Protein chains: 2
Amino acid sequence: MSGNLVTDPGRATELAEAEQPPSESFGVTPSQRHLSAGQLLFREGAASAGVYRLQTGRVRLFRSTPTGIQVAMHTVRRGELFAEASLFSARYHCDAVALEPSEVLVYPKRPLVQSLREHPERLWIFTAELARRVQGLRSRAEIKQIRSASERVLQFLALVCDASGVWRQEGTLKQLADDIGLTHEALYRTLARLEHEGRIVRLEGALRLRRQLP
Amino acid sequence: MSGNLVTDPGRATELAEAEQPPSESFGVTPSQRHLSAGQLLFREGAASAGVYRLQTGRVRLFRSTPTGIQVAMHTVRRGELFAEASLFSARYHCDAVALEPSEVLVYPKRPLVQSLREHPERLWIFTAELARRVQGLRSRAEIKQIRSASERVLQFLALVCDASGVWRQEGTLKQLADDIGLTHEALYRTLARLEHEGRIVRLEGALRLRRQLP
DNA sequence: CGTCACATTGATGCCTCTCAAAGCTTGTGG
DNA sequence: CCACAAGCTTTGAGAGGCATCAATGTGACG
């Protein structure tokens, strides 16, 4: 029944949102936009203009609360789609600010909505990407809930490694530390300890998880 | 263009996934299923049978990793839809186990996919719910990243309170502690301290955030 | 009235953050 | 080709904060 429109993201991609292939344009040709550090992309309450995909740099979503506090909602990662909810709402629900010089793709709202409406199979693909993102966010949240640094690292590796237990790092270990919510010092110490305990092996630009003996 | 199909979830619901109204059936009549504590709902690799909504109890999603470790992917909350990704995949990507006696609604896959395919407006609503969930998960993840217990509580309150700064608690404080990733002791202490410092007011079944003077 | 779960407070210890410093790699410019 | 800067990597010392264990109070419910 599902036929050729079924998209199976596979197992290894769930935490690797940032590594997804350029992916669909959903029938819309996006325009590119450059943001300098500190520049505002959109403001809470403004009419929603579209959906964005971050190509390079970093963008943070803020929300101003009734009591005047600014709450960070999310820090967008490279390759990630954001402000999807603006498709279903007339206005943005948060501010978006570039933390560094950044490049974003803009999918203008009207054409995108029209495209998704007129081509249900595109909407299906869009929905599939959202469902995948929900999965990824859930596992990420679960990982960050773990208190122990070593347990957190081990579970992260278990989740993203391939069949032979190897995880090939994309960026720096410092970035990894940030990803899993540790300071870089804590991560370095933890990796050193785990290797000393024989639970992982450190390779050139990669980590290998060793199967524990019972 | 978007017309009457646009669904605007509003501001206050983003962290309150569990409090969403019974919501759509997406054109499918779900069946109910009871799970006893420890019972397996579905297993990784099994043919995906449908999508679920947890009514009462607790369900946890696990994943067996290549190295044999079990990783907790997510703990489902009351009212939450889960296993949505199974719509786009032939097989489940994780195990689902009831932690307590639980009631789930089952939306069988075939009819649901057919319904969503034949009625794009239902798919649109389904997508909107997913987009909302992405928002909610993001803010929740951001909240949990905050180290300081008092900051975490304050940001949570700032995010979910109404215009007058009041948050009406739905369950127990113990549940709140679990939601925001604190032990209940730490939460009680934090609330006591925040009230003593004059930053919040504790009401009957509610908390009020006091606007800070500059 | 007894049980059970939530609410609250106390004492202790461990773990991670923080600050600090040094080695190492990479890139740039003179 | 060398020197310098910048960022990542690594290790050290100290402290603060939250988890943990423990005990008591309190309210609901049968």
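Sequence lines set the chain letters: A, B, ... in the order given, protein chains first and strands last, and positions in each chain run from 1. Small disclaimer: the values here were computed from a predicted structure and weren't measured.
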Handout entry: Spacing of A:L176 atom CG relative to D:dT9 atom C1', expressed in whole Å
Key = 13 Å
Handout entry: Closest non-hydrogen atom pair, A:E170 against A:W167
Key = N-CZ2, 4.5 Å
Exercise for the section: Tell me which of B:T190 and B:E185 sits closer to the 5' end of DNA chain D, going by the nucleotide each one is nearest to. Expected result: B:T190
Fill in the blank from the handout: Out of D:dC18, C:dT8, C:dC19, minimum distance to the side chain of B:Y188 belongs to C:dT8
Exercise for the section: Take the angle between the ring planes of B:W124 and A:F88 and call it parallel below 30°, perpendicular above 60°, tilted in between. Expected result: tilted
Problem - Phosphate-side-chain proximity, B:T183 and D:dA19, N/O vs OP1/OP2 below 4.0 Å - result: yes
Handout entry: Interatomic distance, A:R193 CZ vs D:dG12 P [rounded to whole Å]
Key = 14 Å
Exercise for the section: Verify the contact: side-chain N or O of A:R202 to OP1 or OP2 of D:dT10, cut-off strictly under 4.0 Å; return yes or no. Expected result: yes
Practice task
Determine whether any donor atom in the side chain of B:R189 lies under 3.5 Å from an acceptor atom in the base of D:dT20, or the reverse, and answer yes or no.
Solution key: yes
Problem - Length of the line joining B:L173:CG and C:dT9:C1', which is rounded to integer Å - result: 15 Å
Handout entry: Heavy-atom pair with the smallest gap, counting every atom of B:S115 and B:G27
Key = OG-CA, 3.9 Å
Exercise for the section: Send over the distance from B:K174 NZ to D:dG27 P, rounded to a whole Å. Expected result: 18 Å
Practice task
Could you tell me the separation between the CG atom of B:L187 and the C1' atom of C:dC6, rounded to a whole number of Å?
Solution key: 12 Å
Handout entry: Polar pair under 3.5 Å, donor/acceptor by atom type, side chain B:R147, base D:dG16
Key = no
Practice task
Can you tell me the distance, in whole Å, between the CD1 atom of A:I146 and the C1' atom of C:dT16?
Solution key: 15 Å
Exercise for the section: Assign the ring pair A:F126 / A:F26 to parallel, tilted or perpendicular, where the plane angle (0 to 90°) is split at 30° and 60°. Expected result: perpendicular
Completion exercise
Atom NE2 of A:H184 and atom P of C:dA21 are separated, to the nearest Å, by 15 Å
Handout entry: Heavy-atom donor-acceptor pair, B:R63 side chain to B:C94 backbone, under 3.5 Å
Key = no
Practice task
Looking only at side-chain atoms of A:T172, point me to the closest of C:dC17, D:dC8, C:dC6.
Solution key: D:dC8
Handout entry: Polar pair under 3.5 Å, donor/acceptor by atom type, side chain A:Q175, base D:dC8
Key = no
Practice task
Check the distance between D:dC8's P and A:L191's CG and give it to me in whole angstrom.
Solution key: 16 Å
